[in-house]
Amino acid sequence: MQMRSSENELMHEIIQSLKDGKRRVFLDIIDELQPYDVAQQYQHLPAKHRNKFLLYLTLAQLKELMEELSKEDQLEVLQKLGIEKSTKVLDLMENDDLTTLLADLEPEQIEELMSEMKKEESDMVQHMMKYPAESAGRLMNNRFVWISKHYTVREAVDKLKDFAELAEYLNYLYVIDEGKKLVGVVSYKDLLLGEMQDKIEDIMFTRVVKVDVLTDQEDVAKLISRYDFVSIPVIEDNDKLMGVITVDDILDVVIQEANEDIEKLSASGKAIDFKTKPLVAAYRRLPWLILLLLIGLVSGSIIDGFSETLQSAVALAFFMPMIAGMTGNTGTQSLAVVVRGLVAQDLDVKQVVKLIFRELWVGIIIGLTCAILISIIAFIWQGSLILGIVVGSSLLITLIIGTLAGTIIPLVLYKFNIDPAVASGPLITTINDIFSLLVYFGIASMFISKLS
């Protein structure tokens, strides 16, 4: 079949095949698409055609579609399919995806769906749901290929052929002993290069990087990133192999965690997406914004307290927003550096001290550069050397303070087991506004007699 010129043409062909009742034509179109593209077509399809779209898909295609949809759309699909067909699709889904889907359902809904599933599958999912949310146990896939340390290379290859559909990533085989304890790992490359009669225990690596079922998903992401793995084994008590976490699941975690941090950094609090209703979105944003509003009143009080200084030297007002804005911006930049660092690695005392001093030097270099520049501008504009000194020295001090505030505040929060992303950009900016105004007007007041 020829490539289509546009998404609109593709959508038109799908709709036409549904209208004409030509399932074979429909499946020919779907077979050309990646699961993500199928999901996109389903989501953009007019509601009146969605039932037939689902009816025409095979069980395997429905399973792939489910794995690409949001939770809300997944639940809609299950409802349209009915309990009998839904359970057949759920039986095919990866257990980690299924656990995520069922996690937020009511107990009665979970029981209804699981009662119709294969007992082996439902038992696995129920076991996984006992682990804490956002733990490795919830994230792992317990459908994977394992081999015994007593196997030969020939036996390992034969097993791999028999269970090829479980080998999601062709990189590693995890080795267990008689008690299902993880004792080693073998790469597929080693299997290819090994002699067929070689014993697995003779060619395996015994030092295996692994995570416990209770390990937080962020820590799992750090390990996979650190070692450039495409998968990592999950163990329980006494190193019993329970499952495998693959890189595609970690990518979902990274995106999820990044979105959560962005929401916190932007002071929006809980998740807000394109589907969130206006009242709900406003409700989720208001608490932080009201807090910032109250803190902002302090800035207003400072300005009011120095009203006489402003009246004596009106030119001060011109530079005030610039100093406050630059201070807030540099604090937010430092905050972003710290949050990224904490996500990527575990910082020790030595690294923290090094980071603080590094950011201090950054603040000094930026502050000196900007202070000299703005001093020259102030002197040329107003012909006042004192005004240049006031503005320049104020900017130097506040940029240093802003940089340190953006670095130290999230580190302190992290020390007390508080998510550092809570120290949001707007909060840092507001705090730095207060410092910048105090410094600016404090220095101006010292020179007020010469500014008048």
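If you read the sequence from its start, that first residue is 1, and numbering goes on from there.
- Around atom NZ of Lys88, no more than 12 heavy atoms belonging to other residues, nucleotides or ligands sit under 6.0 Å away.
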Derivation and outcome, side chain to side chain donor-acceptor pair (under 3.5 Å), residues Gln61 and Asp31: CA-CA 9 Å; Gln61 290 169 335; Asp31 285 341; 3.2 Å; yes
List the atom pairs, with distances to 0.1 Å, where a side-chain N or O of residues 189-200 and a protein N or O form a donor-acceptor pair under 3.5 Å, not counting sequence neighbours.
from   : atom 1 : to     : atom 2 : distance (Å)
Asp190 : OD2    : Ser187 : OG     : 3.0
Asp198 : OD2    : Glu195 : N      : 3.0
Lys199 : NZ     : His150 : O      : 3.1

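- Every ring-ring contact (aromatic ring centres under 6.0 Å, His included) that Phe53 has, sequence neighbours left out, goes to Phe26, Tyr42.
- The minimum heavy-atom distance between Ala39 and Glu68, with the atom names listed, is CB-CB, 3.6 Å.
- Legend: residues meeting side-chain hydrogen bond (donor to acceptor under 3.5 Å, both in side chains) with His44, ordered by chain and number and at least two apart, are absent.
- Within the 4.5 Å cutoff, no side-chain heavy atoms of Ile356 are placed close to those of Val353.
- Among residues two or more places apart in sequence or in another chain, the side-chain hydrogen bond (donor to acceptor under 3.5 Å, both in side chains) test is passed with Asp228 by none.
- Counting heavy atoms from C-beta outward, Leu173 and Tyr188 have side chains that approach closer than 4.5 Å.
- The CE atom of Met93 lies 11.0 Å from the CG atom of Asn141; values are rounded to the nearest 0.5 Å.
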Test log, rule side chain to side chain donor-acceptor pair (under 3.5 Å), inputs Tyr131 and Thr99: CA-CA 10 Å; Tyr131 297 120; Thr99 303; over 6 Å; no
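- One distance of note links CD of Glu13 with CD of Glu32; it measures 8.5 Å at 0.5 Å rounding.
- Val175 has its side chain out of reach of Glu201: every pair of non-hydrogen atoms, C-beta onward, lies at least 4.5 Å apart.
- Closest of all the heavy-atom pairs between Ile245 and Met140 is CG1-CA, 3.6 Å.
- Contact record, Phe144 with Gly243: CE2-CA, 3.5 Å, taken as the closest heavy-atom pair.
- The shortest non-hydrogen separation linking Asp216 to Glu218 is OD2-N, 2.8 Å.
- Listed by chain and residue number, nothing satisfies the ring-ring contact (aromatic ring centres under 6.0 Å, His included) test with His12 (two or more places apart in sequence, or in another chain).
- Atom NZ of Lys240 sits about 12.0 Å away from atom CD1 of Ile235, to the nearest 0.5 Å.
- Residues satisfying the side-chain hydrogen bond (donor to acceptor under 3.5 Å, both in side chains) test with Asp123, not counting sequence neighbours, are Lys119.
- If you take CD1 on Ile374 and OG on Ser393, they are separated by 12.0 Å, rounding to the nearest 0.5 Å.
- Applying the side-chain hydrogen bond (donor to acceptor under 3.5 Å, both in side chains) test to pairs two or more places apart or on separate chains, those with a residue in residues 356-368 are Ser334-Glu359.
- Counting only heavy atoms from C-beta outward, the side chains of Tyr227 and Ile232 never approach each other to under 4.5 Å.
- Annotation: salt bridge (charged side-chain N to carboxylate O under 4.0 Å, His left out) contacts involving residues 40-58, sequence neighbours excluded, comprise Arg50-Glu76.
- Put simply, the side chain of Lys181 does not reach to within 4.5 Å of the side chain of Leu241, judged on heavy atoms.
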Pair Met129-Leu102, side chain to side chain contact (heavy atoms under 4.5 Å, CB included): steps then yes or no: CA-CA 9 Å; Met129 291 183 71; Leu102 298 178; 4.2 Å; yes
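- With a 4.5 Å cut-off on side-chain heavy atoms, Val89 and Val77 do not count as touching.
- Geometrically, Lys180 does not engage Trp146 in a cation-pi contact defined by less than 6.0 Å to the ring centre and at most 45° from the axis.
- One distance of note links CD1 of Ile14 with CD of Gln41; it measures 4.0 Å at 0.5 Å rounding.
- Looking at Leu78 and Leu101, their side chains come closer than 4.5 Å, going by heavy atoms from C-beta outward.
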Return all side-chain donor-acceptor pairs below 3.5 angstrom for residues 205-215, not counting sequence neighbours, or 'none' if the list is empty.
from   : atom 1 : to     : atom 2 : distance (Å)
Asp212 : OD2    : Leu214 : N      : 2.9
Thr215 : OG1    : Asp212 : N      : 3.1
Thr215 : OG1    : Asp212 : O      : 3.0

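- Counting heavy atoms of neighbouring residues, nucleotides and ligands inside a 6.0 Å radius, atom CD of Gln126 exceeds 12 of them.
- Between Pro35 and Glu64, the shortest heavy-atom distance links the atoms CG-OE1, 3.9 Å.
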Residue pair Lys85, Leu62: steps toward the side chain to side chain contact (heavy atoms under 4.5 Å, CB included) verdict: CA-CA 10 Å; Lys85 197 167 186 178; Leu62 284 169; 3.8 Å; yes
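- Pairs of residues two or more places apart, or lying in two chains, that qualify as salt bridge (charged side-chain N to carboxylate O under 4.0 Å, His left out) and include a residue from residues 145-156 are Arg154-Asp158.
- Scored by the salt bridge (Lys or Arg N to Asp or Glu O under 4.0 Å) test, Glu67 finds Lys63 as partners (sequence neighbours excluded).
- Using a 4.5 Å cut-off on side-chain heavy atoms (C-beta onward), Ser17 and Leu27 make no contact.
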Full working for side chain to side chain contact (heavy atoms under 4.5 Å, CB included) between Val247 and Phe229: CA-CA 7 Å; Val247 70; Phe229 288 159; over 6 Å; no
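- Interatomic distance, CG of Leu10 versus CD of Gln40, reported as 11.5 Å (0.5 Å rounding).
- In this structure, Lys354 places its NZ atom where only 12 or fewer heavy-atom neighbours from other residues, nucleotides or ligands lie under 6.0 Å away.
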Candidate pair Leu69 and Leu65, rule side chain to side chain contact (heavy atoms under 4.5 Å, CB included), full reasoning: CA-CA 7 Å; Leu69 295 175; Leu65 171 66; 3.9 Å; yes
Under 3.5 Å, sequence neighbours excluded: what are the donor-acceptor pairs made by side chains of residues 394-410?
from   : atom 1 : to     : atom 2 : distance (Å)
Ser394 : OG     : Val390 : O      : 2.6
Thr398 : OG1    : Thr327 : OG1    : 3.3
Thr398 : OG1    : Ser394 : O      : 2.8
Thr398 : OG1    : Leu395 : O      : 3.2
Thr403 : OG1    : Thr330 : OG1    : 3.2
Thr403 : OG1    : Leu399 : O      : 2.8
Thr407 : OG1    : Thr403 : O      : 2.9

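- Residues Tyr56 and Leu18 approach most closely at CD2-CD2, 3.7 Å, considering heavy atoms.
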